[in-house]
2 protein chains.
Amino acid sequence: MAAKSTNPHFMNGVPELLILRLLKDREMYGYELVQAIRAATRDEITLGEGVVYPVLHALEKDGALKSRRKAVAGRTRVYYTVTAAGLKRLGALIGTWAKLNDAIASTLNGDAHAPLAV
Amino acid sequence: MAAKSTNPHFMNGVPELLILRLLKDREMYGYELVQAIRAATRDEITLGEGVVYPVLHALEKDGALKSRRKAVAGRTRVYYTVTAAGLKRLGALIGTWAKLNDAIASTLNGDAHAPLAV
DNA sequence: GCATAATACCTTGAACAAAAAGGTATGCAA
DNA sequence: TTGCATACCTTTTTGTTCAAGGTATTATGC
């Protein structure tokens, strides 16, 4: 059973979705994103650095993000911004999430034939 | 890109949620559940037998389900019903799902401080 | 009569995402 | 100078899920 350490492992692909969505509004760096996600989800979702950094690297490699180094107070930060490809990817992820969500919602509601949002 | 074989791997813990929810309405057997899930989600979510059976076994082992064998047309089916413990578990899963969903929705909407449904 | 598909159960293997944990380095406060 | 917060990163482990296979019975097509 184990005490809830972060999340009881209940979603997939969500990290990427959240990260892209937050970066759409403004450029951020990894460490900042970790806290931004906690704040945006009211501590409901906590993504550790071990999740965020690999996702950022993968997204950049895929051309969905661009990064630039910036020195702030003697410290180096790596800021990420969303590319056009990244926006497209975000749109696709949102669509997938919406459909998944509708599918589950209608099952939970017991809707026999409620039309899934298209 | 690879043709969508079943699902592009986008959820977690959902199988258990869907199975418990469907069994809440009426007793069903594994093979039937596979198709019921496809029907209920309009093909949006397809869980193979390799997913459904292990979940059923695990839930039964945990006391969330009870099974009984029934011979139908010379064939043996294993019907599952939800126990009281199973209903409790279902309630918890629904709650978790709702919170996760609200958290993601408010992030996607960019709500700075919309109160999460409680 | 025979092959094939559909029903119905099940398990094993591999893939993969995410969690946990560790590792480095700087700046600041006590 | 010890410790904590910032800031980056990687490696290892875990656990779900997927794909694929394996058995057996009944119905269907030819």
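Below, read A as the first sequence line, B as the second, and so on, with proteins coming before strands; counting in each chain starts at 1.
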Enquirer: Where the side chain of B:Q35 is concerned, which of C:dC9, C:dT7, C:dA19 is the nearest nucleotide?
Expert: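 When the side chain of B:Q35 is considered, C:dT7 is the closest of C:dC9, C:dT7, C:dA19.
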
Enquirer: Base, backbone or nothing for each nucleotide of nucleotides 24-30 of chain C, written B, S, -, heavy atoms under 4.0 angstrom, 5' to 3'?
Expert: --BS---

Enquirer: Under 4.0 Å between a side-chain N/O of B:H57 and OP1 or OP2 of C:dC9, yes or no?
Expert: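 Checking C:dC9 against B:H57, no side-chain N or O comes under 4.0 Å of OP1 or OP2.
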
Enquirer: NA contact type, A:E49, heavy-atom cut-off 4.0 Å: base, sugar-phosphate, or nothing?
Expert: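 A:E49: base contact, heavy atoms under 4.0 Å.
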
Enquirer: Strictly below 4.0 Å, N to O, side chains only: are B:E44 and B:R38 in salt-bridge contact?
Expert: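 A salt bridge is absent here (no side-chain N lies under 4.0 Å from a carboxylate O).
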
Enquirer: With heavy atoms under 4.0 Å as the rule, sort A:V55 into base, sugar-phosphate or nothing.
Expert: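 Counting heavy atoms under 4.0 Å across all strands, no contact is made by A:V55.
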
Enquirer: Which value, rounded to the nearest 0.5 Å, describes the distance between A:I19 atom CD1 and A:L93 atom CG?
Expert: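 Here the interatomic distance stands at 11.0 Å.
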
Enquirer: Should we say atom NZ of B:K88 is surrounded by more than 12 heavy atoms from elsewhere, each under 6.0 Å from it?
Expert: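 Not buried by this count: 12 neighbours or fewer within 6.0 Å.
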
Enquirer: Name the closest nucleotide to the A:V51 side chain, picking from D:dT10, C:dA19, C:dC10.
Expert: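 The listed nucleotide nearest to A:V51's side chain is C:dA19.
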
Enquirer: According to a strict under-4.0 Å criterion, is B:Y31 in side-chain N/O contact with OP1 or OP2 of C:dC9?
Expert: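 No, outside the criterion.
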
Enquirer: I'd like to know if A:R77 pairs up with A:E32 as an ion pair, taking the criterion as any Lys NZ or Arg NE/NH1/NH2 lying under 4.0 Å from an Asp or Glu carboxylate oxygen.
Expert: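 Looking at A:R77 and A:E32, the cut-off is not met.
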
Enquirer: Determine the interplanar angle of the B:Y29 and B:Y79 rings, folded into 0 to 90°, and report it as parallel if under 30°, tilted if 30 to 60°, perpendicular if over 60°.
Expert: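 Aromatic pair B:Y29/B:Y79 classed perpendicular.
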
Enquirer: Closest heavy-atom contact between B:T83 and B:G63?
Expert: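 So the minimum-distance heavy-atom pair works out to OG1-O, 2.6 Å.
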
Enquirer: Under a 4.0 Å heavy-atom cut-off, which of residues 23-30 of chain A touch DNA chain D?
Expert: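 A:Y29, A:G30, in order of number.
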
Enquirer: What is the minimum heavy-atom distance between A:E16 and A:V55, and which atoms define it?
Expert: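 Reported closest heavy-atom pair: CA-CG1, 4.1 Å.
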
Enquirer: Between B:P54 and A:T76, just flag the one whose closest nucleotide in DNA chain D comes earlier from the 5' side.
Expert: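 It is A:T76, whose closest nucleotide lies nearer the 5' terminus.
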
